[in-house]
Amino acid sequence: MNTPFLKVAVVGSGISGAVCASTLARNGVSVTLFESARGPGGRMSQRREKTEDGKELHFDHGAPFFSVSKSEVLNLVQEWQSRGLVAEWKEKFGSFDYQTLKFNNMEQEGLSKKYVGVPGMNSICKALCNESGVESKFGVSVGRVEWLDDAKLWSLIGVDGQNLGQFKGLVASDKNIVLPRIAEVTGRSPPLDLKLVPELSEKLHNLAARPCFAVMLAFADPLPSIPVKGFSFQNSKLLSWAFCDSSKPSRSTECERWVLHSTAEYAEDIIAQTGLKKPSDTTLKKVAEQLFHEFQSTGFNISQPIFKKAHRWGSAFPAVSVAQDEKCVWDKSKRLAICGDFCVSPNVEGAIESGLAAALKLKDSVSCL
């Protein structure tokens, strides 16, 4: 049986942190997971909204789906599939040229497998964070992380000053734990001071990330003139992707729901004007209008939506991979693993790979104590 001092703390409940926590727990390591949000998911979160007349809507406003190419990840995804957490999204996709207003590369159903969580993208993270051996604490923000050199333990302190416990190992699956730029958003220093791990500092000091705005749309009636359920944009300065969220397996089809993703350049331009702090309602309404107008300008018969709202992903999409070979950033002497899609590749599979790698490092290190 693990003693309290054999516990590992995992900070962040996105897919990388959730996979890491679950894998550690399955290997006999007791895990406490901390998440500042009300629930798990990170970019795999599902957004719950309401129309003016009180109708509840759900949107996968971050990662719309994921694909798999690595065998170790496929094994995990197939297990999730057998548990009813994952299903294939079997729809046509394409690429739309905004200059010619025509589709290119119409992708046929089954050409490549696209997986989604069911009934929402966050369903996978929810299940993993509730597995035996994982104690998940949501709505708890870690304000400071300290290394107790005498005891060889990590001490976690909440933003309110509360002692969150001492741990033999630490996993930071949220890059905001170490990013100096987080101070521009919160007014506080990042919880983990990179001076504690100087040999990792250069690799992590300035993790480049690309921002994105997501616009959630709901329509009273279907949009039959759009021949695909997901498409990328070519030659649009505003839009990069559009997805029909309600066409995914196990989703409500009461109304048709679409999610639009902006280009990074558009998001960077807005942030340059408004700053990194939480955008105002006025800014979000402007973004929603601009991106919806671009969507309407495709030439399809797109009616006015019954719901329209924008969300900003400030630094969610990594622009670099910092540990492609190791798959996570690891300090053996302090039993610290930093994992996420920014380590391997900027997608869900990369995040899963990194979480698995971090769990392996911690499992071997902690079991030797």
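Salt bridge status for E349 with K70: absent, with no side-chain N to carboxylate O gap under 4.0 Å. Note on E289 versus K308: salt bridge recorded, some NZ/NE/NH1/NH2 to OD/OE distance being below 4.0 Å. One finds no salt bridge joining K361 and D364 here, because no Lys/Arg side-chain nitrogen approaches an Asp/Glu carboxylate oxygen to under 4.0 Å.
Rounding to the nearest 0.5 angstrom, the gap separating the CG atom in L24 from the CG atom in L360 is 9.5 Å. In this structure, the separation between CD on E135 and CG on L33 is 10.0 Å, given to the nearest 0.5 Å. Note that OG1 of T23 and CG of L356 are 5.0 Å apart. Values are rounded to the nearest 0.5 Å. Put simply, CG on D97 and OG on S232 are 10.0 Å apart, with the number rounded to the nearest 0.5 Å. The OG atom of S225 sits 6.5 Å away from atom CD1 of I302, with the distance rounded to the nearest 0.5 Å. Expressed to the nearest 0.5 Å, how far OG of S262 lies from CD1 of I270 amounts to 8.5 Å.
In terms of heavy-atom proximity, N122 sits nearest to P40 at CB-O, 3.9 Å. Nearest heavy atoms, E268 versus P211: CG-CG, 3.5 Å. In this structure, A209 and K175 approach most closely via the heavy-atom pair CB-CE, 4.3 Å. When every heavy atom of C328 is checked against every heavy atom of A323, the shortest pair comes out as O-CB, 3.8 Å. For the pair G120 and Q46, the tightest heavy-atom approach, listed with the atom from each and the gap, is CA-NE2, 3.2 Å. Across all their heavy atoms, V134 and A21 have their closest contact at CG2-O, 3.6 Å.
A donor-acceptor pair is defined here as one N or O able to donate and one able to accept, closer than 3.5 Å; no such pair exists between the side chain of R144 and the backbone of I157. Counting only distance, with no hydrogens or angles, the side chain of D245 and the backbone of D60 share a donor-acceptor pair below 3.5 Å. Distance alone, capped at 3.5 Å, is enough to place a donor-acceptor pair between the R257 side chain and the C255 backbone. S155 contributes no side-chain N or O that, together with a main-chain N or O of E146, makes up a donor-acceptor pair within less than 3.5 Å. No donor-acceptor pair under 3.5 Å is formed between the side chain of S22 and the backbone N or O of A18. Put simply, the side chain of S236 gets close to the backbone of L239: a donor and an acceptor are under 3.5 Å apart. Using modelled atom types, no side-chain atom of S247 and backbone atom of K229 make a donor-acceptor pair closer than 3.5 Å. A donor-acceptor pair under 3.5 Å links the side-chain atoms of S16 to the main chain of A351, judged by distance alone. R26 places no side-chain N or O within donor-acceptor distance of the main-chain N or O of E131, the cut-off being under 3.5 Å. Between the side chain of S250 and the backbone N or O of P119 there is no donor-acceptor pair closer than 3.5 Å.
In this structure, R43 satisfies the cation-pi test against F317, with its NZ or CZ atom closer than 6.0 Å to the six-membered ring centre and inside 45 degrees of the ring normal.
Proximity of Q234 to S95: side-chain heavy atoms (C-beta onward) are separated by under 4.5 Å at one or more points. No side-chain heavy atom of W147 sits less than 4.5 Å from a side-chain heavy atom of D331. Within the 4.5 Å cutoff, the side chain of E72 has no heavy atoms near those of the L76 side chain. Counting only heavy atoms from C-beta outward, the side chains of E353 and V73 approach each other to under 4.5 Å. K248 is not listed as a side-chain neighbour of F65, based on a closest heavy-atom distance of 4.5 Å or more. With contacts defined as side-chain heavy-atom distances shorter than 4.5 Å, the pair T100/N235 does not qualify. V329 places a side-chain heavy atom less than 4.5 Å from the side chain of C343. Taking 4.5 Å as the limit, some side-chain heavy atom of F34 sits within range of a side-chain heavy atom of K137.
The cluster map of Ile, Leu, Val, Met, Phe, Trp and Tyr, joined by side-chain heavy atoms under 4.5 Å apart, puts F59 and V215 in different clusters. Residues V171 and V366 are members of one and the same hydrophobic cluster, defined by side-chain heavy-atom contacts under 4.5 angstrom among Ile, Leu, Val, Met, Phe, Trp and Tyr. Note on V159 and F167: separate hydrophobic clusters, where clusters join Ile, Leu, Val, Met, Phe, Trp and Tyr whose side-chain heavy atoms are under 4.5 Å apart, directly or indirectly. Hydrophobic cluster membership is shared by F231 and F213, with clusters built from Ile, Leu, Val, Met, Phe, Trp and Tyr side chains linked at under 4.5 angstrom. In the hydrophobic clustering of this structure, V348 does not group with V344; members are Ile, Leu, Val, Met, Phe, Trp, Tyr whose side-chain heavy atoms approach within less than 4.5 Å, directly or through other members.
Counting non-hydrogen atoms of neighbouring residues, nucleotides and ligands closer than 6.0 angstrom, the CZ atom of R48 reaches no more than 12 such neighbours. Annotation: E56, atom CD; neighbour count of heavy atoms from other residues, nucleotides and ligands within 6.0 Å is above 12. By the 6.0 Å contact criterion, NZ on K334 is enclosed, its count of non-hydrogen atoms from other residues, nucleotides or ligands being greater than 12.
Remark: the E79 side chain and the N75 side chain contain no N/O donor-acceptor pair separated by less than 3.5 Å. Q81 and Y115 share no donor-acceptor pair across their side chains, judged by distance under 3.5 Å alone.
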- Query: Passes side-chain contact (heavy atoms from CB on, under 4.5 Å), I271 versus R312? Steps please.
  - Reply: CA-CA 10 Å; I271 291 171; R312 188 191 74 184; 4.1 Å; yes
- Run the side-chain contact (heavy atoms from CB on, under 4.5 Å) check on V142 and L192 step by step: do they pass? CA-CA 10 Å; V142 176; L192 177 60; over 6 Å; no
- Task: With salt bridge (Lys or Arg N to Asp or Glu O under 4.0 Å) as the test, would you mind laying out the steps for R251 and E256 before giving the verdict?
- Result: CA-CA 10 Å; R251 266 58 170 188; E256 185 150 314; over 6 Å; no
- Task: Could you give me the CA-CA distance, side-chain angles and deciding distance for E91 and V228, then say whether side-chain contact (heavy atoms from CB on, under 4.5 Å) is met?
- Result: CA-CA 7 Å; E91 293 287 354; V228 294; over 6 Å; no
- Message: Could you walk me through whether V287 and Y266 satisfy the side-chain contact (heavy atoms from CB on, under 4.5 Å) test, starting with their C-alpha distance in whole Å, then the side-chain angles of each, then the deciding distance to 0.1 Å, before giving a yes or no?
- Response: CA-CA 10 Å; V287 167; Y266 170 81; 3.6 Å; yes
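Between W313 and H61, the ring planes are tilted. Angles from 30° to 60° get that label. Relative orientation of the F295 and W258 rings is tilted, given thresholds of 30° and 60° on the angle between their planes. Classification of the F300-F103 ring pair by plane angle, with boundaries at 30° and 60°, yields tilted. Relative ring orientation between W89 and F243 is described as tilted, the plane-to-plane angle lying within the 30° to 60° band.
Considering only residues two or more places apart in sequence or on other chains, F342 meets the ring-ring contact (aromatic ring centres under 6.0 Å, His included) condition with none of them.
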